[in-house]
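These notes are about the structure you will find just below.
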Amino acid sequence: QVQLVESGGGVVQAGGSLRLSCAASGRTFSAYVMAWFRQAPGKEREFAATINRSGARTYYADSVKGRFTISRDNVKNTVYLQMNSLKPEDTAVYSCAAREGTYYSTATRGYDYWGQGAQVTVSS
């Protein structure tokens, strides 16, 4: 199995940027498809972005496309989420997730391992 720990959350003004990191330990990091999900207060957890095992392919939710970039470093065993042009509606707890296999998923049930989450707050 793999253990995931997020970092990089914080408070930022609207229009600003943040970069989240998710460090993995345990089994071979490159064996996992990785993703970021987020959960706003009073709402269900939702998919934000995913990246395949090599890092060559990515997929985004419409709500973040063009503003967020997911990437990974299989040497450092870390996945990143660069968030630009942040909006107040991006305020949420952001969690990274891992799944074994080749194909990505946008469903929470598709992922086997989760980090504890990092709070991102965007002020207007």
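Throughout, residue positions are numbered sequentially from 1 according to the sequence presented. In this text the structure is predicted, and so the values were computed from the model without any measurement.
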Flag yes if more than 12 heavy atoms outside Lys65 fall under 6.0 Å of its NZ atom; otherwise flag no. yes

Assess whether side chain to side chain contact (heavy atoms under 4.5 Å, CB included) is satisfied between Val120 and Thr91, documenting all intermediate values. CA-CA 5 Å; Val120 171; Thr91 294; 6.0 Å; no

Do Tyr103 and Val33 make a side-chain contact, defined as non-hydrogen atoms from C-beta onward lying under 4.5 Å apart? no

Minimal non-hydrogen separation, Ser95 against Gly117, with atom names: OG-CA, 3.6 Å

Shortest non-hydrogen contact between Cys96 and Val79, atoms and distance: CB-CG1, 4.4 Å

Distance-minimising heavy-atom pair for Ala24 and Val2: CB-CG2, 3.8 Å

Could you tell me if the side chain of Leu86 sits less than 4.5 Å from the side chain of Phe68, heavy atoms only? yes

Same cluster or not: Ile70 versus Val93, using hydrophobic residues (I, L, V, M, F, W, Y) connected whenever any side-chain heavy atoms lie under 4.5 Å apart? no

Please evaluate residues Asn52 and Tyr104 with respect to the criterion side chain to side chain contact (heavy atoms under 4.5 Å, CB included), reporting the C-alpha separation (whole Å), side-chain torsions for both, the decisive distance (0.1 Å), and the verdict. CA-CA 7 Å; Asn52 73 339; Tyr104 61 70; 5.7 Å; no

Distance-only donor-acceptor check, side chains Ser17 and Asn84, under 3.5 Å: yes

Would a hydrophobic clustering, with Ile, Leu, Val, Met, Phe, Trp and Tyr connected at side-chain separations under 4.5 Å, put Leu81 with Val12? yes

Would you say the ring centers of Trp36 and Phe47 fall short of 6.0 Å from each other? no

Please name the pair of heavy atoms, one in Gly101 and one in Arg53, separated by the smallest distance, quoted to 0.1 Å. O-CD, 3.4 Å

Give the minimum heavy-atom separation between Val64 and Ala48, together with the two atoms involved. CG2-O, 3.3 Å

Is any side-chain heavy atom of Glu6 closer than 4.5 Å to a side-chain heavy atom of Ser21? no

Would you indicate whether the side-chain heavy atoms of Glu100 and Tyr113 approach each other to under 4.5 Å? yes

Check: Val5 and Gln116 side chains under 4.5 Å, non-hydrogen atoms: yes

For a 4.5 angstrom cut-off between non-hydrogen side-chain atoms, does Leu4 reach Met34? yes

Is there a side-chain contact between Thr50 and Tyr111 in this structure, where contact means two heavy atoms from C-beta onward sitting under 4.5 Å apart? yes

Over all atoms of both residues, closest heavy-atom pair of Ser30 and Asn74: CB-ND2, 3.7 Å

So, the side chain of Ser63 versus the backbone of Ala61: is there a donor-acceptor pair under 3.5 Å, distance only? no

So, Arg38 and Tyr94: side-chain donor and acceptor under 3.5 Å apart, yes or no? yes

N-O pairing of Lys87 and Asp90 below 4.0 Å: no

Is the NZ or CZ atom of Arg72 positioned over Tyr80's six-membered ring, under 6.0 angstrom from the centre and within 45° of the axis? no

Decide yes or no for Tyr60 and Thr69: does some side-chain heavy atom of the first lie under 4.5 Å from some side-chain heavy atom of the second? yes

Connected via hydrophobic side-chain network under 4.5 Å: Phe37 and Leu20: no

